[in-house]
A.B. asks: 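The structure is given below, and queries will be raised subsequently.
Positions are given from 1, in the same order as the sequence printed here. Note that the structure is predicted; figures quoted are calculated from it, not measured. As the structure lists them, so they are numbered: ligands from 1, and atoms in each ligand from 1.
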Amino acid sequence: MPNLRIDDQAVNVPAGTTVLAVAQSLGIAVPTLCHLPGLSASASCMVCAVRDEGSGRFLPACSTRAEEGMRFDASSEAVRDFRRAALEMLLGEHAGDCEAPCRLACPYGLDAPAVLHALAAGQEASAPCPDDCPAPCEKACRRGRHDEAVAIRDLLALYRQESDQPLRERTVSECRLGRLHEGEMTEFLRLADSAPRAAISRDSAQAQAARCLHCDCRESTACRLRALAREYGADATRRRGPERATVEIVPIGEQYVFEPAKCVRCGICVRLGETRKARYGLTFLKRGYAVRIGPPIGVPFLEALGDLAEEIVAACPTAALAKRG
Ligand code: SF4
Ligand code: SF4
Ligand code: SF4
């Protein structure tokens, strides 16, 4: 039963307990990204780092076991700086838009993509665009770089009734793609309706809304990486290399999507399949910087996910694996 101290709180714990579990038992918040309770630790993201006050080294709390006499700092500015740097390393290799260009351009912060996705799914939806808005969303619309912008303002107004819904503040984005690389537009067009822009009516709304490229991230509100980047004030551009990852949007059956440029290679999807004894599961392909997640060679992606598809997609801490939406 080792005795140790975290943030000057003394504790006596069973041998083999991880520092993460000890901190959590003391009510000390330690962030995690590649850790999922019930799975083996991978200690690949270093977001849970704590400082060993004996050696001065930063160690992953998820895989460090408590030993007699250890003392850890889990909350100082130095620890927060280290975690921020770890997040910036991940963000530096990460390519995606947390928010769509149209939403960022809206002076009222309206979530235009959410309305478009609802209409594309055959639901009724609207947003309180002021009548005199010059629709900067349409000027920013990515689809306009290909053929014509989505008719955002007319679609947003389609089912409008008198609304007392307040207009929101402009939103901010942690990750932004910027100018697309050659070939990336094809990736965005892969899941969009190819219809040209046309006059909007209730009959044409679904097809017109389905022209939207879904530039907004499919996990913008659930993404752990984004949430931690906000919490720690991580700058997505500070540690970006000269080349950003290329966007790929890989449909997995009708329900899911894989975006490898959003994968932080945490291995949760792989370990979940191993732990639950999936027939195939996902695996790490290639090596070094080229390493990526995928199904074993010769196995279709959906078949590799098998019965665990829903669980694995939900466990991914980013939108690398996401519901198609
Ligand atoms: S995966 Fe997370 S960080 Fe990346 S674009 Fe989506 S919301 Fe932003
Ligand atoms: S394609 Fe859709 S999500 Fe992208 S900018 Fe245009 S309306 Fe917004
Ligand atoms: S696909 Fe998701 S769960 Fe799998 S390694 Fe990438 S980020 Fe982690």
A.B. asks: Do the charged groups of Arg176 and Glu99 touch, with an N to O distance under 4.0 Å?
C.D. replies: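 Salt bridge flag = no for Glu99 with Arg176.
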
A.B. asks: Hey, which atoms in ligand 3 end up nearer than 4.0 Å to a heavy atom of Ile293?
C.D. replies: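 The atoms of ligand 3 under 4.0 Å from a heavy atom of Ile293 are 5 (S).
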
A.B. asks: Quick one: pull up CG in Asp216 and NE2 in His214 and give me the separation to the nearest 0.5 Å.
C.D. replies: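 Answer rounded to 0.5 Å: 5.0 Å.
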
A.B. asks: Which atoms from ligand 3 have a heavy atom of Leu321 less than 4.0 Å away?
C.D. replies: 1 (S)

A.B. asks: Using a 4.0 Å cutoff against the non-hydrogen atoms of Ala100, which atoms of ligand 2 qualify?
C.D. replies: 3 (S)

A.B. asks: Under 4.0 Å, heavy atoms only, figure out whether ligand 3 is touched by the backbone of Val264, its side chain, both or neither.
C.D. replies: both

A.B. asks: Testing the basics here: between Leu213 and Arg142, what is the closest heavy-atom pair and its distance to 0.1 Å?
C.D. replies: CD1-CG, 3.9 Å

A.B. asks: Is it true that Glu187 and Arg190 have a side-chain N and a carboxylate O under 4.0 angstrom from each other?
C.D. replies: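 Judged by the 4.0 Å cut-off on N to carboxylate O distance, Glu187 and Arg190 do form a salt bridge.
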
A.B. asks: For ligand 2, which atoms sit closer than 4.0 Å to a heavy atom of Arg142?
C.D. replies: 5 (S), 6 (Fe)

A.B. asks: Atoms of ligand 3 less than 4.0 Å from Gly267 heavy atoms?
C.D. replies: 5 (S), 8 (Fe)

A.B. asks: How far is atom 6 (Fe) of ligand 2 from the closest protein heavy atom, and which atom is that?
C.D. replies: Cys141 SG, 2.4 Å

A.B. asks: Above 12 or not: heavy atoms from other molecules or residues under 6.0 Å from CE of Met185?
C.D. replies: yes

A.B. asks: Which pair of non-hydrogen atoms, one from Gln208 and one from Ala198, has the smallest distance, and what is that distance?
C.D. replies: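 Shortest heavy-atom contact: OE1-N, 3.2 Å.
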
A.B. asks: Report yes or no: does Cys102 have an N/O/S atom closer than 2.8 Å to atom 8 (Fe) of ligand 2?
C.D. replies: yes

A.B. asks: Tell me which protein heavy atom sits closest to atom 1 (S) of ligand 2, plus the residue, atom name and distance to 0.1 Å.
C.D. replies: Leu213 N, 3.2 Å

A.B. asks: Any salt bridge between Asp111 and Arg103, counting N to O under 4.0 Å?
C.D. replies: yes

A.B. asks: Mark up the atoms of ligand 3 that fall under 4.0 Å of a heavy atom belonging to Cys263, in ascending order.
C.D. replies: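 Counting atoms of ligand 3 from 1, those under 4.0 Å from Cys263 are 1 (S), 5 (S), 6 (Fe), 7 (S).
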
A.B. asks: I'd like to check which ligand 2 atoms, numbered from 1 as shown, lie under 4.0 Å from a non-hydrogen atom of Ile152.
C.D. replies: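 By the 4.0 Å cutoff, the relevant atoms are 7 (S).
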
A.B. asks: Describe, in one word, how the ring planes of Phe58 and Phe82 are oriented to each other, choosing from parallel (under 30°), tilted (30 to 60°) and perpendicular (over 60°).
C.D. replies: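 Parallel.
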
A.B. asks: Give the numbers and elements of all ligand 2 atoms closer than 4.0 Å to a heavy atom of Leu116.
C.D. replies: 7 (S)

A.B. asks: If you measure from each non-hydrogen atom of Cys212 to ligand 2, which part falls under 4.0 Å: side chain, backbone, both or neither?
C.D. replies: both

A.B. asks: So, Lys262 and Glu219, do they make that salt bridge, N to O below 4.0 Å?
C.D. replies: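 Salt bridge: no.
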
A.B. asks: Counting only heavy atoms not in Glu303, do more than 12 sit closer than 6.0 Å to its CD atom?
C.D. replies: yes

A.B. asks: How long is the gap from OG on Ser126 to CG on Leu155, to the nearest 0.5 Å?
C.D. replies: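 Answer rounded to 0.5 Å: 11.5 Å.
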
A.B. asks: Is any side-chain heavy atom of Pro2 closer than 4.5 Å to a side-chain heavy atom of Met70?
C.D. replies: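 Sidechains of Met70 and Pro2: no contact.
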
A.B. asks: Provide the number and element of each atom of ligand 3 under 4.0 Å from a heavy atom of Cys269.
C.D. replies: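 The list of qualifying atoms is 1 (S), 3 (S), 4 (Fe), 5 (S).
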
A.B. asks: Would you mind checking which non-hydrogen protein atom is closest to atom 4 (Fe) of ligand 2, with the distance to 0.1 Å?
C.D. replies: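 Answer for atom 4 (Fe) of ligand 2: Cys215 SG, 2.3 Å.
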
A.B. asks: For atom 8 (Fe) of ligand 3, what's the nearest protein heavy-atom neighbour? Residue, atom name and distance, please.
C.D. replies: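 Nearest protein contact, heavy atoms only, for atom 8 (Fe) of ligand 3 is Cys266 SG, 2.3 Å.
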
A.B. asks: Mind checking whether Pro31 and Glu231 have side chains closer than 4.5 Å, heavy atoms only?
C.D. replies: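 Contact flag for Pro31/Glu231 side chains = no.
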
A.B. asks: Identify whether the distance between the nearest side-chain nitrogen and carboxylate oxygen of Glu53 and Arg5 falls below 4.0 Å.
C.D. replies: no

A.B. asks: Which protein N, O or S atoms sit under 2.8 Å from atom 8 (Fe) of ligand 1?
C.D. replies: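 Listed by chain and number: Cys98 SG.
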
A.B. asks: Out of all atoms in ligand 3, which are within 4.0 Å of some heavy atom of Cys316? Include the element for each.
C.D. replies: 2 (Fe), 3 (S), 7 (S)

